[in-house]
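Okay, so here's the structure we're looking at.
Numbered from 1 within each chain, the chains take letters A, B, ... in sequence-line order. Worth saying up front: this structure is predicted, and the values here are computed from it rather than measured.
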Amino acid sequence: MVMGRPPFGTRIHGEVEGDRQSVRDEVQAIVRAVPAGRVVTYGWISRRMAGRISPLAVGWMLHRCPDDVPWQRVVNASGRCSTDRLGDMPQGLQRAMLEGEGVEFREDGSIELERWMWQPV
DNA sequence: ATTCTGACATCCA
DNA sequence: ATGGATGCCAGAA
């Protein structure tokens, strides 16, 4: 009865051959592929990698990443900028960067994902 | 809205 | 090293 089954997160550890390094590289490659003026979500990246990494872990990997990785194009499932809760980052920086790329925000500060989510062919 | 749970890379003691 | 807490999440109750 109960319990929701884990939608994501097949373990990285265990018999899986991909080490954390390669997984990290893959995450960064995906983010780098997102064009300016578009966004994706943590969960989307997780799903795209067949659950080999959890959405939360995606965020962790983006915490410290090379300068050529457009981390600002990754938002949460509600279309909000999670970085504003970090404290070690200027409030509104992510939003400002996205607006600079043409992304528009609603009154409540969220992004309409249906419209701005990147849909790769 | 709020709370809990699953998942996991990092951090810190 | 190693156990527990924390965190750029997401989904279910």
Legend entry - Protein-nucleotide distance (A:His63, atom NE2; C:dT6, atom C1'), rounded to Å: 12 Å
Legend entry - A:Val34/A:Val74 under side-chain contact (heavy atoms from CB on, under 4.5 Å): CA gap, chis, key distance, verdict: CA-CA 9 Å; A:Val34 181; A:Val74 185; over 6 Å; no
Inset, instruction - Measure from CZ on A:Arg85 to C1' on C:dA10 and round the result to the nearest Å. - result: 12 Å
Inset, instruction - Mind listing the closest non-hydrogen atom pair of A:Val31 and A:Pro70 along with its distance? - result: O-CG, 3.3 Å
Legend entry - Gap between atom CE of A:Met61 and atom CG of A:Asp25 - 0.5 Å precision: 9.0 Å
Inset, instruction - Return the residues of residues 112-120 of chain A meeting this criterion: a heavy atom under 4.0 Å from some atom of DNA chain C. Order them by number, or give none. - result: none
Inset, instruction - Check the distance between B:dC8's C1' and A:Met61's CE and give it to me in whole angstrom. - result: 9 Å
Inset, instruction - Enumerate the residue pairs fulfilling ring-ring contact (aromatic ring centres under 6.0 Å, His included) with a member in residues 48-69 of chain A, sequence neighbours excluded, ordered by first and then second residue. - result: A:Trp60-A:His63
Inset, instruction - Would you kindly give the CG-to-P distance between A:Leu56 and C:dG11, to the nearest whole Å? - result: 13 Å
Inset, instruction - Assess whether atom CZ of A:Arg32 is packed by more than 12 heavy atoms of other residues, nucleotides or ligands within 6.0 Å. - result: yes
Inset, instruction - Would you mind reading off the distance between A:Met89 atom CE and C:dG7 atom P, rounded to a whole angstrom? - result: 14 Å
Inset, instruction - Rounded off to whole Å, could you give me the CG-to-P distance for the A:Asp25 and B:dA9 pair? - result: 14 Å
Inset, instruction - Name the nucleic acid region contacted by A:Thr41, choosing base, sugar-phosphate or nothing; use a 4.0 angstrom heavy-atom cut-off, strictly under. - result: sugar-phosphate
Legend entry - A:Pro55 side-chain proximity, nearest of C:dC9, C:dG7, B:dC8: C:dC9
Inset, instruction - Can you establish whether the number of heavy atoms outside A:Arg106 located under 6.0 Å from its atom CZ is more than 12? - result: yes
Inset, instruction - Measure from CZ on A:Arg52 to C1' on B:dA9 and round the result to the nearest Å. - result: 16 Å
Inset, instruction - Among B:dC11, C:dG11, C:dC9, find the nucleotide with the atom closest to the side chain of A:Arg64. - result: B:dC11
Legend entry - A:Ser54 side-chain N/O to B:dG6 phosphate OP1/OP2 under 4.0 Å: no
Inset, instruction - Could you state the atom-to-atom distance from CZ of A:Arg24 to P of B:dC8 in whole Å? - result: 16 Å
Inset, instruction - Go through the structure and list residues passing side-chain hydrogen bond (donor to acceptor under 3.5 Å, both in side chains) with A:Gln28, not counting sequence neighbours. - result: none
Legend entry - Distance, P atom - from C:dT2 to B:dA7, rounded to whole angstrom: 23 Å
Inset, instruction - Name the nucleic acid region contacted by A:Arg73, choosing base, sugar-phosphate or nothing; use a 4.0 angstrom heavy-atom cut-off, strictly under. - result: nothing
